[in-house]
There are 2 protein chains.
Amino acid sequence: MHVLIVYTHPEPNSFNGAMKTAAAKHLRTLGHTVEISDLYAEGFDPAEKAAHYIDRVNPALFTPLAEQRHAGRNGTLPDDVQREIDRIERADLVLFQFPLWWHAQPAILKGWFDRVFVSGKLYTSSMRYDRGIFRGKRAVLSVTTGAPEAAFGPGGRGGDIELLLWPIQYSLHYVGFSVLEPFLSFSVAGHGYSYEDDREKIERLEGYQDAWIARLSGIQDETPLAFPGWADWDDAGRLKPERTPETALRFRKHKPAAIDALNC
Amino acid sequence: MHVLIVYTHPEPNSFNGAMKTAAAKHLRTLGHTVEISDLYAEGFDPAEKAAHYIDRVNPALFTPLAEQRHAGRNGTLPDDVQREIDRIERADLVLFQFPLWWHAQPAILKGWFDRVFVSGKLYTSSMRYDRGIFRGKRAVLSVTTGAPEAAFGPGGRGGDIELLLWPIQYSLHYVGFSVLEPFLSFSVAGHGYSYEDDREKIERLEGYQDAWIARLSGIQDETPLAFPGWADWDDAGRLKPERTPETALRFRKHKPAAIDALNC
């Protein structure tokens, strides 16, 4: 398969950087091809704004969705947005490697969603969710946290990790991806996401890398998370009364054995 | 009181812009003072990166939290970050006006959290949550959505609005704010967040403005949302078994009468 890694960290020698490099290397060893969107290194502009649109449908009033639709139709999308769309279209699996900052993805990655998922081109009111353009493709989050795993349960100090990742994973579901269980590396911060740490921490971080690599070997056979889809909603978008669909909130009940084995 | 409006929209003549202007005008009429952070107009850089730090604690390895702590201690924070901190410190109430993009705040506002909430200065491991630096100050989200209200219930097509806003509101709780119920304006998009629409839509949008203004008159007397706090957690950050704290997930049960009255 062909894998796109959307990688987000400002420091190449970070744990996130090491996870990205290890994943790319291992996937290539398995015979897959890998492409990397390095948002910081490529200077991706996260702010959706008028300056990105050279041929405006309405030069007097900037309405992002209208300009996205117009540019998508006319082939005048910003170069960096078109490049990211091309990368996604080539990929069978899109892997997101990022640190959790303020209970969500870093701003530069949030802007990737805001700008790259172009209205009219990557979705319409009828081409969404299980009818989304990227159905058949897979997506998976590999996320690092500063706080320890114990703090991320329901009501826990770090916030329920299931709640925190839900908006990101639902955005991937929106454009049709089959979203796999996220891979979580806890307690990565300290004085930065780096290897400048004691032996115990280094061993723990290397354990996460090994578990991630092990999981990637079988990632094509994993069952995706279940999200609500068109069959679950009435015309107004309400959940039908008879439906109680699985949601991605359940992912921690299906933690892969490789993570449990780390004992951390 | 003194109010800071953190306003996020790339188009001044948007509905978000109109909501910001109406709120500022009304608050001043009530005798309050108002300051506005206009993230787009001020060109706020959302990406946390090495270039923002002129005096590095570690020039060889960029670890965001370590550089934030160092710059906060040494008075070398980036000018725009220091300006935002000063603005928050002057405020009794911080009001966030923004559109929901991809199930979260726009990237430029996400970057405001990433960069302005400086480690070591605005929080430490012990100065967080109900022991946070901004306790006594209030915060409230005023959010516009593209999809209609019906789609934002549990399992609904737009995603459960309670889940979507949770990471943002919890981040405000993290630095000690008392977070008030959000104000939600639904079905604002269409062909952009603008007034270039039919009479029925304009009237509906004006109804939201009126309801928001009405709510602001009494916002000082509102009861904040309840989040878990230090008394709810064990030393590892787990929720104590005997605790079932209220969480901000409940906010829709307390929707202000003004919104119900809109009938939309």
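Atoms considered below: every heavy atom in the structure, side chains included; atoms not considered: hydrogens, waters and symmetry mates. Each chain gets a letter, A, B and so on, in the order its sequence line appears, and its residues count up from 1.
Residue B/E67 does not touch chain A at all, counting heavy-atom pairs closer than 4.5 Å. Contact of A/V57 with chain B is not made at all, since no heavy-atom distance falls under 4.5 Å. Contacts of B/Y40 with chain A are made by side-chain atoms alone, with heavy-atom separations under 4.5 Å and no backbone atom involved. For B/D45, no part sits under 4.5 Å from any heavy atom of chain A, backbone or side chain. With a threshold of 4.5 angstrom between heavy atoms, B/F44 does not approach chain A through any atom at all. The part of B/R128 that comes within reach of chain A is its side chain, from C-beta onward, which places non-hydrogen atoms under 4.5 angstrom from that chain.
Per-residue heavy-atom pair counts under 4.5 Å with chain B were compared for A/P148, A/A236, A/G237, and the maximum is reached by A/G237. When A/F113, A/W112, A/Y170 are compared by the number of non-hydrogen pairs under 4.5 Å with chain B, A/Y170 comes out ahead. Each of B/A151, B/G158, B/A47, B/A147 has some count of heavy-atom pairs under 4.5 Å with chain A, and the biggest count is that of B/A151. With chain A as partner, the option from B/I168, B/L164, B/I108 having the largest number of non-hydrogen pairs under 4.5 angstrom is B/L164.
Between the CZ atom in A/R238 and the CD atom in B/E149 there is a gap of 9.5 Å [rounded to 0.5 Å]. One finds the OG1 atom of A/T63 at 8.0 Å from the CD atom of B/E11 (value rounded to the nearest 0.5 Å). For the atom pair NE2 of B/H103 and NE2 of A/H173, the computed distance is 9.0 Å after rounding to the nearest 0.5 Å.
No donor-acceptor distance shorter than 3.5 angstrom exists from the side chain of A/W166 to the backbone of B/G159, with no hydrogens or angles considered. Side-chain atoms of B/D114 come within 3.5 Å of backbone N or O of A/A107 as a donor-acceptor pair. With B/W102 contributing its side chain and A/S171 its backbone, the two residues share no donor-acceptor pair below 3.5 Å. Looking only at distances, a side-chain donor or acceptor of B/Y129 sits under 3.5 Å from a matching main-chain atom of A/R157.
Taking all atoms of both residues into account, the shortest heavy-atom contact from A/P10 to B/P64 is CG-CG, 4.2 Å. Scanning all heavy atoms of the two residues, the minimum distance from A/A104 to B/K110 falls at CB-CE, 3.5 Å. Minimum heavy-atom separation, A/P167 to B/L163: CG-O, 4.2 Å.
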